[in-house]
**Student:** 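One structure follows; several queries about it will come next.
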Amino acid sequence: MTTLEEAADTFEGACTCGAIRYRLMSRPLFVHCCHCRWCQRETGSAFALNAMIESDRVKLLAGEPEIVPTPSESGQGQKITRCPRCRVAVWSNYAGAGDAVRFVRVGTLRDPDRLPPDIHIFTASKQPWVVLPPGSPAVAEYYDRRQYWPAESLARRDAMLAKAVTRPA
Ligand SMILES: [Zn+2]
Ligand SMILES: [Zn+2]
């Protein structure tokens with residue numbers, strides 16, 4: 001059975017206490033399963049599952065999130081957006097893509113099963129018990145997006161960059 005959410009191709013998410021609620025207004029650009037040590041430490045788990053999406057496609061439905069500057073592997077830092085009450089992280093912004101792209105934590109979606117990873121990255125530090133499904137795209141570190149992203153996502157990214165250039169600072 002198709003839910004309303006599935007029919008509309010939107011995705012709702014929330015923190016654990018429910019103070020922060022949000023909705024992705026479309027499918028994301030691409031979903032990373034990151035096996036780097038930084039993600040392992042931040043999640044306390046074996047990997048992080050991040051759905052990349054244009055920031056203006058993330059609608060805040062409830063709450064006032066708190067932005068926590070956090071060190072990142074690049075040395076440029078990232079901003080992790082957390083619930084001010086339960087402190088669960090709902091998304092982050094990295095220096096590379098800036099504020100235009102959010103890395104939404106798939107585990108905070110109401111139905112995370114709808115967004116399996118499009119690629120596994122930094123598998124060089126993957127915990128050995130994690131066995132990837134055969135045929136799933138995987139790279140030792142990072143990758144060239146032109147090689148892996150669907151044409152539609154590349155076009156969306158171009159549109160986003162064009163908007164960023166024309167918008168007055
Ligand atoms: Zn909360
Ligand atoms: Zn990572």
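Just so it is clear, the model here is predicted, and its values are computed rather than measured. Order of appearance sets the numbers: ligands from 1, and atoms from 1 within every ligand.
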**Student:** Verify side chain to side chain contact (heavy atoms under 4.5 Å, CB included) between L115 and R27, making sure each step is shown before the conclusion.
**Tutor:** CA-CA 9 Å; L115 292 181; R27 298 194 68 77; 3.7 Å; yes

**Student:** Just wondering, is there an N, O or S atom on C34 that's nearer than 2.8 Å to the Zn ion (ligand 2)?
**Tutor:** yes

**Student:** Working to 10°, measure the angle at the Zn ion (ligand 1) formed by atom SG of C86 and atom SG of C15.
**Tutor:** 110°

**Student:** Identify the heavy atoms of A138 and T123 that sit nearest to each other, and give their distance.
**Tutor:**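 Looking at all heavy atoms of both residues, the shortest contact is CB-CG2, 4.1 Å.
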
**Student:** Would the H32 and Y148 ring centres measure less than 6.0 Å apart?
**Tutor:**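 Distance test on ring centres: not under 6.0 Å, no.
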
**Student:** Decide, yes or no, whether a salt bridge links E54 with K163 under the criterion of side-chain N to carboxylate O below 4.0 Å.
**Tutor:**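 Between K163 and E54 there is no salt bridge, as every charged N stays at least 4.0 Å from the carboxylate O atoms.
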
**Student:** Rounding to 10°, state the angle centred on the Zn ion (ligand 1) that links SG in C17 with SG in C83.
**Tutor:** 110°

**Student:** Examine all N, O or S atoms of C39, backbone included, and report whether one is under 2.8 Å from the Zn ion (ligand 2).
**Tutor:** yes

